[in-house]
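Working notes, beginning with the structure itself.
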Amino acid sequence: MTPITEVEGRRISLSNLDKVIYPASGFTKGEVLHYYASTADALLPHLVDRPLSFLRYPDGPDGQRFFTKNVLPGTPEWVRTAEVPRSDGPTRQILVQDLPSLMWSANLVTEFHTPQWRADAPARADRLVFDLDPGPPATVVECCHAALWLRERLAADGFHVYAKTSGSKGLHLLVPLEPTPSERVSAYAKSLAVEAEQELPALIVHRMTRSLRPGKVFVDFSQNAAAKTTAAPYTLRARAEPTVSTPVTWEEVETCEDPEQLVFTAGDIAPRLRDHGDLLGPLVTHDGARPLPARAAR
């Protein structure tokens, strides 16, 4: 019989708690749920009011993985949703606004992915993102070198820049913005990616073409498009181990000499939150949010 758990007055069916989701470490679905419950205070502010895309992996990272955006059949009526415009007509997507909806969603076994905008202002980004993806034999160490150049370049335009691991191979850079049309943010991000490649051609590539990427860092600016999403801070990833997209300090980026220095799993997050708090808090509070530079606004 599926156990029923009450979370803040909502009754939720939590299934298959002993099922191993991450075979390499024996990490179970129950442990996945415990991770999300214990990390909710840090995670939820990064999800609230952002229509979610789920990358589901109910049979673990080696099983079937699939993206879902539309509201799922059987979604409880108390889970909030939002209308989202699309090229083929509006649809509705789930909002995770509180602990009950987080735990209901986590029971699906999913990564959480969010757009750079909020439900009340579709396609008006309140943050800019770069996804730094290493092409083997490059690693996150090379991503850190690219990140430091981008940090300085963005700082020259007056921006505060924050970093997190992707939870996979690379690094994400995030910048709080005054709400700006996604189209303009994308154009500005592309211009910086092109500039980065011109300045560091042996390290950086701005195009996705696979043949260009071995040994270099792909500076992916495309996730600024209104239709795209990025793995949320603190989400578990569908990897061999229960790795987490983890906020990191700039000191950690500057001193990274081995990829293992920037690999964090579920068990690492509570101690890091005790030590650092939420390093991406300014993305939630919008402290330091700025408009795009005037030359990019045209």
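What's counted below: heavy atoms across the whole structure, side chains too, no hydrogens, waters or symmetry copies.
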Discussion item. Just to verify, what does F264 make a ring pair (Phe, Tyr, Trp, His ring centres under 6.0 Å) with, not counting sequence neighbours?
Written reply: none
Distance alone, cut at 3.5 Å: any donor-acceptor contact between the side chains of [X] and [Y]?
{"X": "H160", "Y": "D287", "answer": "no"}
{"X": "K228", "Y": "S182", "answer": "no"}
{"X": "N70", "Y": "T91", "answer": "yes"}
{"X": "Q93", "Y": "T81", "answer": "no"}
{"X": "R127", "Y": "T114", "answer": "yes"}
{"X": "D131", "Y": "Q223", "answer": "yes"}
{"X": "T246", "Y": "K164", "answer": "no"}
{"X": "R239", "Y": "S168", "answer": "yes"}
{"X": "D157", "Y": "Y188", "answer": "yes"}

Can you check whether [Y]'s main-chain N or O pairs, donor with acceptor, with [X]'s side chain at less than 3.5 Å?
{"X": "D220", "Y": "M208", "result": "no"}
{"X": "K216", "Y": "P201", "result": "yes"}
{"X": "N107", "Y": "W104", "result": "no"}
{"X": "E197", "Y": "H206", "result": "yes"}
{"X": "N224", "Y": "V129", "result": "yes"}
{"X": "T39", "Y": "Y35", "result": "yes"}
{"X": "E252", "Y": "T249", "result": "yes"}

Discussion item. Give me the atom names and distance for the closest heavy-atom approach of K19 to P58.
Written reply: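 In terms of heavy atoms, the two residues are closest at NZ-O, 2.9 Å.
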Discussion item. Test of understanding: with salt bridge (charged side-chain N to carboxylate O under 4.0 Å, His left out), list the residues that count as partners of E142, not counting sequence neighbours.
Written reply: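 So E142 forms no salt bridge (charged side-chain N to carboxylate O under 4.0 Å, His left out) with any residue.
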Fill in: Between OG on residue S166 and CG on residue L132, distance to nearest 0.5 Å
9.5 Å
Item to complete: Give, for atom NZ of K169 and atom OG1 of T243, the distance between the pair rounded to the nearest 0.5 Å.
Response: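 Those atoms lie 12.5 Å apart.
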Worksheet item: With a cut-off of under 6.0 Å to the ring centre and 45° to the axis, is R151 in cation-pi contact with W250?
Response: yes
Worksheet item: Would you call the rings of Y57 and Y22 parallel, tilted or perpendicular, where under 30° means parallel and over 60° means perpendicular?
Response: perpendicular
Worksheet item: Passes side chain to side chain donor-acceptor pair (under 3.5 Å), T229 versus K69? Steps please.
Response: CA-CA 11 Å; T229 61; K69 288 194 173 187; 5.4 Å; no
Worksheet item: Would V79 end up clustered with V84 when hydrophobic side chains under 4.5 Å apart are linked, directly or stepwise?
Response: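 No, V79 does not connect to V84 through the hydrophobic network.
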